[in-house]
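Below, all heavy atoms of this structure are taken into account, side chains as well, without hydrogens, waters or symmetry copies. Reminder, nothing fancy here: chain letters follow the sequence lines and each chain counts from 1. This one's a predicted model, so the numbers in the text were calculated from it and none came from an experiment.
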Amino acid sequence: MNLTANTTTWRVLIVDDESDNLNLAADVLSFSGATIKKADTGQQALDVVDEFLPNVILLDLAMPGIDGWELHQRLRARPDFDQVPIIALTALVMPEDAMRVAEAGFDGYITKPFRVKRMLEDLTMCVETFSNSKGMTTKDGNHD
Amino acid sequence: MTWYKGDSCRMLESNTSQLDQRKLHRRQGSLSAKLALVMIAMVVVTVAVVTLVSIRREQQTFRRELQQQADVLLDSLTVATSDSLYRLDVAYLEGLMLRLGQAEIVESGRVYDANGRVVADAGLPEILVFSLESDTFGKELLESDSAIFRWEPTRLLAGRAVVVGNQRLGALSVELSTAPLAAKMAAVRTQGIAVAALAVVAGTTLALLLSRSITGPLRALTEATEHLAGGDFERRVVVRSGDELAVLGDAFNSMVTRIQEQFAELAETNLQLTEAREKAEEVSHLKSQFLATMSHELRTPLNSVIGYSDLLIDGLRGPLNEGQEDYAERILANGERLLRLINEILDISKIEAGRLELIDKSFTPGELVANVKKELQSLADGKDLRLNTLVDPDLPSPMLGDPTRLEQILVNLVGNAIKFTESGQIDVQLKKSDNSHWRMMVVDTGIGIPPHAIEYIFDEFRQVDGSTSREYGGTGLGLAIVQKLTKLMGGTINVKSEVSKGSTFTVHIPLRVPEMHTVKEKQP
């Protein structure tokens with residue numbers, strides 16, 4: 001099984017209140033070679049983010065307490081996370097949701113449920129597009 | 001946005017009504033002036049005509065009187081002079097004439113002999129000698145059988161022959177001054193003009209009063225109308241003229257009362273409608289909120305079902321044996337089926353609520369077909385069906401439309417064809433129909449649709465009969481969505497089918513090309 005090869009340098013913070021979905025995304029990414037950190041609340045994400053220093057952040061949107069929208073806002077307010085793409089991974093799929101995500105300024109929007117392979121492709125594209133827009137070079141050139 | 005538009009509309013309306021009101025004022029002013037003018041003109045013309053006619057009549061009467069006076073005078077003179085003329089007693093005649101002249105009865109008077117010569121003249125007492133020449137007027141008189149009257153600017157010349165038996169003894173003429181006549185005429189004229197002036201003044205006053213009595217109530221009505229136009233339904237008009245205008249005023253008042261009542265009714269109805277609409281909007285909002293929540297709540301567990309079965313099949317935790325992999329694939333397939341069902345229910349709800357908006361995007365027909373093939377090839381392979389695709393080279397590329405929804409139509413149709421075909425092939429063809437339409441055709445060699453069922457196949461949750469739903473699966477929403485999307489795109493769909501031979505679904509769609517590509521050559 002070969003998911004994709006250029007995720008090995010990723011440090012992904014995954015935030016989701018549903019533990020099954022949190023673990024699923026975490027497994028998919030860790031199997032693909034990324035370093036991951038799980039948080040099941042917005043608060044926990046804020047608590048670990050400085051210590052973990054992710055270079056990709058995956059956010060569920062509908063969560064109790066600090067939800068994905070607010071978390072995105074708080075992280076975006078910090079200049080030290082300027083170079084980190086924040087991508088929504090959500091079961092909110094209505095056109096209004098998609099529009100709101102775009103307006104909020106997320107760097108990507110991936111919907112649930114997802115097929116594993118497709119999700120990794122989409123996520124890679126989001127990250128690459130973000131890097132290109134920030135003038136960064138792709139972190140890993142060893143495509144397989 | 002809508003409010004702003006509405007407000008500017010209202011402003012525009014009120015501007016127009018102000019303009020109309022100004023026009024109304026102008027028209028009303030001119031109406032009263034016109035009325036007065038017409039009436040005054042009529043009075044002036046009537047009085048002038050009457051005055052002129054009466055002056056004329058008076059003049060004629062005076063002339064007749066003067067003529068009679070001359071006639072009587074001539075009669076008496078004839079009697080008085082016939083003897084003297086016969087004897088040619090000039091002295092007597094002289095004396096007579098002189099006395100007449102002195103009595104200022106005549107301006108002048110002449111006696112002519114039988115030859116027309118003047119023998120006596122009241123105006124010239126000193127001429128005592130006969131004229132040797134005969135006078136023209138005298139001769140004229142002698143030749144005439146009746147009296148002759150001749151009107152001159154300041155006098156009336158009258159004369160006649162003096163006839164005794166068959167003998168014309170001579171002639172007489174008198175001149176009467178018309179000065180007294182002129183004086184009388186002047187008096188009558190002055191009087192007439194005075195009366196006329198009086199009549200004009202009285203007439204004008206009456207005309208003005210009358211026009212005001214008409215325009216007054218009209219102005220009251222106009223003002224009331226303006227108030228009504230301004231939305232003041234309390235204002236009533238009071239017209240006490242007791243004529244048609246009063247009737248009009250009463251009619252106006254009852255009209256305003258009715259408008260007021262109807263406006264109140266309308267306001268009430270509007271309120272009810274607004275409430276009903278708000279309620280409907282709330283229901284619709286609740287419904288879409290419910291659908292959104294349902295979608296989210298179903299997708300969340302479905303994510304784990306699909307995602308974990310995907311991971312299982314990928315064998316990341318160790319390879320599965322054949323039976324285990326089969327189970328995992330069944331879980332995955334059913335998870336995906338459930339997901340399709342959720343999506344289709346959302347689509348149907350959106351289309352029915354009129355909230356599904358098509359996007360305009362450039363796409364290539366080749367890509368469209370390739371995507372569909374990619375998505376459904378494995379399904380066709382699983383049933384040993386050939387999936388043939390054809391894109392007409394005449395079809396423009398790129399085209400303009402909603403590629404996601406077009407793909408949805410095609411996937412539903414091809415998926416449907418695969419579902420109902422056991423062996424043979426499925427042909428997918430994209431062709432140009434004419435300059436304004438293109439079509440997507442899906443031809444299968446499946447079980448076909450009996451004629452009686454064709455009209456039902458686009459209904460929601462309907463398959464040819466209850467049993468097919470069991471046998472072939474599916475949500476029963478696919479074709480309903482295809483039909484609704486086609487309609488939304490301004491297209492049509494038709495079906496040809498023969499039981500156990502196969503079916504042909506054709507979707508006709510208006511042909512649109514992105515503007516920047518209209519002149520560009522087709523890409524190879």
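Once rounded to the nearest 0.5 Å, the distance linking CG of B:Leu298 with NZ of A:Lys112 reads 14.0 Å. The CG atom of A:Asp60 sits 7.0 Å away from the OG1 atom of B:Thr300 when rounded to the nearest 0.5 Å. A distance of 5.0 Å separates CG in A:Asp27 from CZ in B:Arg317, rounded to the nearest 0.5 Å.
Using a 4.5 Å cut-off on side-chain heavy atoms (C-beta onward), B:Asn303 and A:Phe114 make contact. In this structure, the side chains of A:Lys117 and B:Asp314 stay at 4.5 Å or more apart for every pair of heavy atoms. A 4.5 Å side-chain heavy-atom check between A:Val93 and B:Ser295 finds at least one atom pair inside the cut-off. A:Pro95 has its side chain within reach of B:Lys350: a pair of non-hydrogen atoms, C-beta onward, lies under 4.5 Å apart.
With a threshold of 4.5 angstrom between heavy atoms, B:Leu356 does not approach chain A through any atom at all. Only the side chain of B:Glu336 comes within contact range of chain A, with at least one heavy atom under 4.5 Å from a heavy atom of that chain. With a 4.5 angstrom heavy-atom cutoff, B:Leu339 touches chain A only via side-chain atoms. Only the side chain of B:Leu332 comes within contact range of chain A, judged by heavy atoms closer than 4.5 Å.
The greatest number of non-hydrogen atom pairs below 4.5 Å with chain B, out of A:Asp97, A:Asp20, A:Leu92, A:Asn21, is found for A:Asn21.
Residue A:Asn23 comes nearest to B:Tyr308 through the heavy atom pair CB-OH, 3.4 Å, listed as atom of the first residue, atom of the second, then distance. Closest approach of A:Leu24 to B:Ser304, counting heavy atoms only: CD2-CA, 4.3 Å. B:Arg299 and A:Ala91 make their closest contact through CD-O, 3.5 Å (heavy atoms, listed as atom of the first residue, atom of the second, distance).
Heavy-atom neighbours of A:Met125 CE from other residues, nucleotides or ligands within 6.0 Å: at or below the threshold of 12. The environment of CZ in A:Arg78 is crowded: more than 12 heavy-atom neighbours from other residues, nucleotides or ligands sit within 6.0 Å. In the displayed structure, B:Glu281 atom CD is contacted under 6.0 Å by more than 12 heavy atoms of other residues, nucleotides or ligands.
Tested against A:Val116 for a side chain to side chain contact (heavy atoms under 4.5 Å, CB included), the candidates B:Ile313, B:Asp310, B:Leu316 yield a single pass: B:Asp310.
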